[in-house]
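Each remark here refers to the structure printed beneath this line.
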Number of protein chains: 2
Amino acid sequence: MTKPDEQTVAAWAMLLRAHRAAYEGVEAALKAAGMPPLAWYDALLELRKARAPLRLQALEARLLLPQYNISRIADRLADAGYAEKSVDPADGRGRMLAITRQGRGVLKRMWPVYAGAIEAQMGAHLTPAEAARLAALLARIAGA
Amino acid sequence: MTKPDEQTVAAWAMLLRAHRAAYEGVEAALKAAGMPPLAWYDALLELRKARAPLRLQALEARLLLPQYNISRIADRLADAGYAEKSVDPADGRGRMLAITRQGRGVLKRMWPVYAGAIEAQMGAHLTPAEAARLAALLARIAGA
DNA sequence: GCTTGTTACATGCACCTGCATTGAAACGCC
DNA sequence: GGCGTTTCAATGCAGGTGCATGTAACAAGC
C-alpha cells in the first residue's frame, strides 16, 4: 500500500466534486422535466440497442450494476410500462426484458433533456479537445 | 439548450464510470477494514481542521451537503462517539459539533486505508503529471 | 428418477437519501 | 414588549441501495 502523491489526491478530490456537481445537475434537469431517473435511461438504451429481449444477466453485464439492482430496475421499468418481462422459454430460471413502445417513447423524450444537461454541466466548461483529454484520462481509471 | 459534441458525451460517460469504479473501490476498502464510510471522514476532517466546535451551518457550507444530511450525519457521529453536539450559547437555534478524542483516533486510523485505496484506484493508473491535468480539468466542471 | 449441487432471480431487512414539513428560537417592527 | 416573520435544525414518509438469503429451475451422478 504505497501512498498517493499530492496530485493524485487532488485528482480524487476533484473527481468527487465534479461528479457530484454534474450528476446532480443532470438528475435535477430530468426531474424538472418530469422524466425518469438516469438509471432508467441507461437500461432502456441497452434494451433498445439489443433489438431483442435481453436476459437480466445480459443487462447486468452491460450496465455493471449488481444483480439485485438489475432485478429491481427491471421490475420498475415493467411497472411503468416501459419494458415487459417474460420467462426465458429456453431456461425457466431466466427472465427476459424487452423495451415497449412506451419505453421507446420515453427514451426519445428524455434525450433532448439529457443532452442539454450534459452540455450545461460538461460541455459549457470544456473545449472539445479538453473533453477528449478528460475522457481519455478518466478511461484509465474506469478501466481499472 | 445546445447539444453536446461527441467528446463531451464521451467525457460524461467516462466520468460516470470512473467515479463509480474509484468510489466503490474506496468504500469497499474502508468497509473491509471495518471503518466508517467516506462521508464520516470528510465531516470529521472538517471538524478537526476547524479546531473548535462548528455550527452545523458551517459544516453544511464546507461539505456542500444538503441541510438534512448534515443534521443526520451529525447525529450519527455523535451516536458513534466521534463527535459531540451542543447548543450554540450565542443562538439557541444553532447546534455546535465538535470532534472528540475518539473521532480524532478514527480519523487517524482511517487515513492509511483511505490513502491506500486512493493510490490503488487512481494513482496506480496515472503519472503525477497526468493526475495534475486530470484534477485541473475536473475542477472546471466542479467549479461550475 | 431421486438426490445433490448449482444457477438465476427475487426479496426481507437495515440503512440512507430527498422532500416537505414541523418546532423552536431569534429578529424586526410598531 | 408583544406579534408576525425569518432562520436553524429535526423528522415523518416515500423510495432507493447493499447484503444476505430464499425460491424455483436446471444439471450431474448414480
Side-chain angles (χ1 to χ4, degrees), chain A residues 16 19-21 23-32 34-43 47 53-80 82-98, chain B residues 16 19-21 23-43 47 53-80 83-98:
Chain A
L16 293 183
H19 174 266
R20 200 169 55 184
Y23 186 81
E24 288 180 356
V26 169
E27 284 286 22
L30 288 171
K31 178 171 285 196
M35 302 284 183
L38 203 41
W40 292 27
Y41 186 88
D42 286 347
L47 292 177
L54 264 189
R55 283 288 297 265
L56 292 196
Q57 276 201 115
L59 200 54
E60 181 181 345
R62 286 162 215 233
L63 294 179
L64 301 173
L65 291 175
Q67 177 270 322
Y68 50 80
N69 254 338
I70 296 293
S71 178
R72 295 201 258 231
I73 216 175
D75 275 352
R76 287 167 202 153
L77 289 176
D79 281 353
Y82 296 148
E84 200 165 19
K85 285 181 78 171
S86 56
V87 174
D88 184 346
D91 183 342
R93 294 167 301 180
R95 299 292 180 268
M96 316 282 292
L97 195 65
Chain B
L16 293 184
H19 175 266
R20 202 169 52 185
Y23 186 80
E24 288 179 357
V26 169
E27 284 285 22
L30 287 171
K31 179 170 285 197
M35 303 283 183
L38 204 41
W40 291 26
Y41 185 88
D42 286 347
L47 291 177
L54 264 189
R55 284 288 299 263
L56 292 196
Q57 278 207 31
L59 200 54
E60 181 180 346
R62 288 163 214 232
L63 295 179
L64 301 173
L65 292 176
Q67 178 270 321
Y68 49 80
N69 253 339
I70 295 292
S71 178
R72 293 202 258 229
I73 214 175
D75 274 351
R76 288 167 202 153
L77 289 175
D79 282 352
E84 199 165 20
K85 285 180 79 172
S86 55
V87 175
D88 184 347
D91 183 341
R93 293 168 302 183
R95 298 290 180 270
M96 316 282 291
L97 196 65

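Labels below follow one simple rule: chain letters A, B, ... track the order of the sequence lines, proteins then strands, and each chain is numbered from 1.
The structure places CD of B/Q57 at 11.0 Å from CE of B/M96, a figure rounded to the nearest 0.5 Å.
For A/K85, a side-chain nitrogen or oxygen approaches OP1 or OP2 of C/dA10 to under 4.0 Å. For A/Y68 and D/dT17, the shortest distance from a side-chain N or O to OP1 or OP2 is not below 4.0 Å. Between C/dC15 and B/R72, no contact under 4.0 Å exists linking OP1 or OP2 to a side-chain N or O. Within the 4.0 Å cut-off from OP1 or OP2 of C/dC16, not a single side-chain nitrogen or oxygen of B/N69 is found.
Taking atom CG of B/D75 as the reference point, atom P of D/dA9 lies 12 Å away to the nearest angstrom. In this structure, the CG atom of B/L65 is 13 Å from the P atom of C/dC19, given to the nearest Å. Counting to the nearest Å, the C1' atom of D/dG18 and the CD atom of A/E60 are 14 Å from each other. The nearest whole Å value for the distance from the CZ atom in A/R95 to the C1' atom in C/dT7 is 12 Å. If you take CZ of A/R20 and C1' of C/dG18, they are 14 Å apart, rounded to a whole angstrom. The CG-C1' distance, from A/L38 to D/dG16, rounds to 15 Å in whole Å. For the pair A/L97 CG and C/dA10 P, the computed distance is 10 Å after rounding to whole Å. To the nearest angstrom, P of D/dT17 lies 15 Å from CD of B/E27.
Among all heavy-atom pairs drawn from A/R55 and A/D88, the shortest one is NH1-OD2, 2.8 Å.
For C/dA10, the base has a donor-acceptor partner in the side chain of A/Q67 [N/O atoms by modelled type, under 3.5 angstrom].
A salt bridge does not link A/R62 with A/D42: none of the charged nitrogens is closer than 4.0 Å to a carboxylate oxygen.
For A/R76, counting side-chain heavy atoms from C-beta on, the closest listed nucleotide (C/dT17, C/dA26, D/dG16) is D/dG16. The side chain of B/R55 has D/dC8 as its nearest neighbour among D/dA20, D/dC8, C/dC19. Taking the side chain of B/D91 as heavy atoms from C-beta on, and the options D/dA25, C/dG18, C/dA25, the nearest nucleotide is C/dA25.
Among the atoms of the strands shown, none is found under 4.0 Å from any heavy atom of A/D88.
A/R95 places none of its side-chain heavy atoms less than 4.5 Å from the side chain of A/L59.
The aromatic rings of A/W40 and A/Y82 sit perpendicular, their planes meeting at an angle over 60°, well past the 30° parallel limit.
Between B/M96 and A/P89, it is B/M96 whose nearest contact on DNA chain D lies nearer the 5' terminus. Between A/S71 and B/P66, the residue anchored closer to the 5' end of DNA chain C is A/S71, taking for each the nucleotide with the nearest heavy atom.
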